[in-house]
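Below you'll find the structure, written out as structure tokens, and then a few comments.
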2 protein chains.
Amino acid sequence: MQQNGKTNLGVSPLKVIESNGSGQTTEEVIARISDLIKGAQLKPGDRLPAERDLARQLGVSRPSLRAGLRALASMGVLKSRQGAGTFVAGGPPTLDSEPLRLLAALHGFSFNHMFETRSILEVGAAGLAAQNATGEQLATLAEEIAEMYAALSDPQEYLVHDIRFHRAIAAASGNPTLATLVEMVSAVLYERRRETIDRAHDFKESLELHQQLYRAIRSRQPEEARAAMTEHILRAQQAFALEEREEQSTNQIPEKREDATVGV
Amino acid sequence: MQQNGKTNLGVSPLKVIESNGSGQTTEEVIARISDLIKGAQLKPGDRLPAERDLARQLGVSRPSLRAGLRALASMGVLKSRQGAGTFVAGGPPTLDSEPLRLLAALHGFSFNHMFETRSILEVGAAGLAAQNATGEQLATLAEEIAEMYAALSDPQEYLVHDIRFHRAIAAASGNPTLATLVEMVSAVLYERRRETIDRAHDFKESLELHQQLYRAIRSRQPEEARAAMTEHILRAQQAFALEEREEQSTNQIPEKREDATVGV
DNA sequence: GAATCCGTAATGGTAATACCAATTTGAACA
DNA sequence: TGTTCAAATTGGTATTACCATTACGGATTC
């Protein structure tokens, strides 16, 4: 917002949070900041007043204010940098995937369910991308495929461009809400994937499917794009399961692995 | 976990968080608790040691510990009750929808995009429900439809059972990850919906579609279920847009509204 | 003897204060 | 003009004290 010390955020000094008799001081802070965001008075990249000032403006102590700020920060809407200040999150909209990760751990979500969800989201995104992708977005997709060709012998590098390709499709759907969810779910799976990717053996089939998917999007054929994405994720799921089995029996001699594909 | 004061959580008193030279004391706390959850040492409903004790066990101050706990609480994995203690979240797995709400406000996500995302998720859920729904889940669906019939003249009450019906479908998909996302996205839309629902006029068509959807699920026809859900949400989106337009011009005389349906 | 009531202890919530660490900023200097 | 360094700003942590709510247990009462 501003840099001077008299930042006010439009909060009247009189409108101090009163009588925390109900005890929800922190909740009040969260609500106040949230309202500023919802009311578009705080935009991405804006800087909040210093904690000491803001605390005084809201009529709460600094610890209470910090509690509220931390809650919003853990939701991903605020970012604090020591020495610099507290800022409204900028850049592309993202939802932190850590909550989903913990929820999965708590309730024992299976990876199959996770893949199923990812499939639903990404198949939808692929269909929309075939309808809405701009020329520039199509170019980005093509570039990532080229990079994948170049990285055929480097699993980790291949994975990076694979991820970017999928992210580009989500973006090309033209639906930021959908893209955000795709990113959140995929992030959980990618983390695990990065650990087992080195066991993958043949990327050619994976790359083939990527190509097929790209052509469908480029030629504006939603149904073909959906079908390709469905097939692609199914293979990825199978490859993932296979590699995980191998890892669990890591000391045994792998006999046949000719049908192992990467997918991702 | 336990109620006595000697709770240890398996954390060696020696394994104190050392040399916060890097300054990330709170991060350490979050990581430690997260690991306990991921390692299944903390299960839903478990109670954590008192803050003062836990702070001593981890070798951090109480404010720092609280900062970590609050971050996890705002992610929805912990719940603190004054006077009682801090507990691992129990009940059905849910992701707080507030982060999505704020993200939408920050980046100006449109309701149409939100509906589109909801459609993708719920259509997928409906298809899976047709495959996986148990007898009991089918019964729940039927009951909610009956309740909707009974509430035909009470918009708010109708909406409640409408929500439950959709929630039941998500549950019947057998995929908790998917159900969680459905809930998160829908919650954002429902909140706004509750404000405009009273402007809805005719629930019959909506109810008809619900019936159709239920029959498709009951008779194990995924494609029919998907089609019905697609149609249903499309109508809901249109009704929503219509009611919103009415609200914006709330002081004008509404001329014709015969084609307004509710959907939800 | 059983149910109710109330007080005490335990626990999370808030506050005030001091100090640490990282960043920024700008003035001094080469 | 470019570089360096030091002071001010700002978020991070710690200590301490006290408040508000809840849970538990003993005393009272019926």
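Numbers restart at 1 for each chain; the letters A, B, ... are given by sequence-line order, proteins then strands. Any value given below was found using the heavy atoms of this structure, including those in side chains, with hydrogens, waters and symmetry copies removed.
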> When the distance from CZ of A:Arg70 to C1' of D:dT13 is rounded to whole Å, what number comes out?
Replying inline: 10 Å

Residues 178-189 of chain B side chain polar contacts: donor-acceptor under 3.5 Å, at least two apart:
from: B:Thr180; atom 1: OG1; to: B:Pro176; atom 2: O; distance (Å): 2.8
from: B:Glu183; atom 1: OE1; to: B:Arg167; atom 2: NE; distance (Å): 3.1
from: B:Glu183; atom 1: OE2; to: B:Arg167; atom 2: NE; distance (Å): 3.2
from: B:Glu183; atom 1: OE2; to: B:Arg167; atom 2: NH2; distance (Å): 2.8
from: B:Ser186; atom 1: OG; to: B:Glu122; atom 2: OE2; distance (Å): 3.4
from: B:Ser186; atom 1: OG; to: B:Val182; atom 2: O; distance (Å): 2.8

> Of the nucleotides C:dA15, D:dC18, D:dG12, which one has an atom closest to the side chain of A:Pro63?
Replying inline: C:dA15

>> Let's see if you can work this out: which of C:dC19, C:dG12, C:dA22 has an atom nearest to the side-chain heavy atoms of A:Gln82?
In response: C:dA22

> Can you tell which of B:Leu78, B:Val88, B:Leu48, B:Val29 makes a side chain to side chain contact (heavy atoms under 4.5 Å, CB included) with B:Leu72?
Replying inline: B:Leu78

> Reckon A:Thr86 has a side-chain N or O less than 4.0 Å from the OP1 or OP2 of D:dG11?
Replying inline: yes

> Taking five pairs at each end of the helix from C:dG1-D:dC30 to C:dA30-D:dT1, what angle separates the two helix axes (nearest 10°)?
Replying inline: 10°

> Counting side-chain heavy atoms from CB outward, which of D:dT13, C:dT14, C:dG12 is closest to B:Ser64?
Replying inline: D:dT13

>> Under 4.0 Å, heavy atoms only, any strand: does B:Arg62 hit a base, just the sugar-phosphate, or nothing?
In response: base

>> Just the rounded figure in Å: distance from P of D:dG11 to CG of A:Leu78.
In response: 11 Å

>> Would you say that A:Asp96 contacts A:Met75 through its side chain, given a criterion of any heavy-atom pair below 4.5 Å between the two side chains?
In response: no

> Does D:dT15 have OP1 or OP2 sitting under 4.0 Å from an N or O in the side chain of B:Ser61?
Replying inline: no

>> I'd like to know if B:Arg52 reaches the base of C:dG12 with its side chain such that a donor and an acceptor end up less than 3.5 angstrom apart.
In response: yes

> Does B:Glu98 pair with A:Lys38 as a salt bridge, N-O distance under 4.0 Å?
Replying inline: yes

>> Just to verify, what does B:Glu191 make a salt bridge (Lys or Arg N to Asp or Glu O under 4.0 Å) with, not counting sequence neighbours?
In response: B:Arg101

> The side chain of A:Thr25 lies closest to which of these nucleotides: D:dG11, D:dA23, C:dT14?
Replying inline: C:dT14

>> Both B:Gly83 and A:Ala84 contact DNA chain C. Taking the nearest nucleotide for each, which residue is further toward the 5' end?
In response: B:Gly83

> When you measure from the side chain of B:Val60, which nucleotide among D:dA14, D:dT22, D:dT13 comes out closest?
Replying inline: D:dA14

> More than 12 non-hydrogen atoms from neighbouring residues, nucleotides or ligands closer than 6.0 Å to CD on B:Glu136, yes or no?
Replying inline: no

> Do A:Phe165 and A:Leu141 have side-chain heavy atoms sitting under 4.5 Å apart?
Replying inline: yes

>> Heavy atoms from C-beta onward define the side chain here; which of C:dT14, C:dT23, D:dG12 lies closest to that of A:Thr26?
In response: C:dT14

> Taking the side chain of A:Arg66 as heavy atoms from C-beta outward, which of C:dG12, D:dA14, D:dT13 is closest to it?
Replying inline: D:dT13

>> With a cut-off of less than 4.0 Å, is there a side-chain N or O of A:Arg81 near OP1 or OP2 of C:dT24?
In response: yes

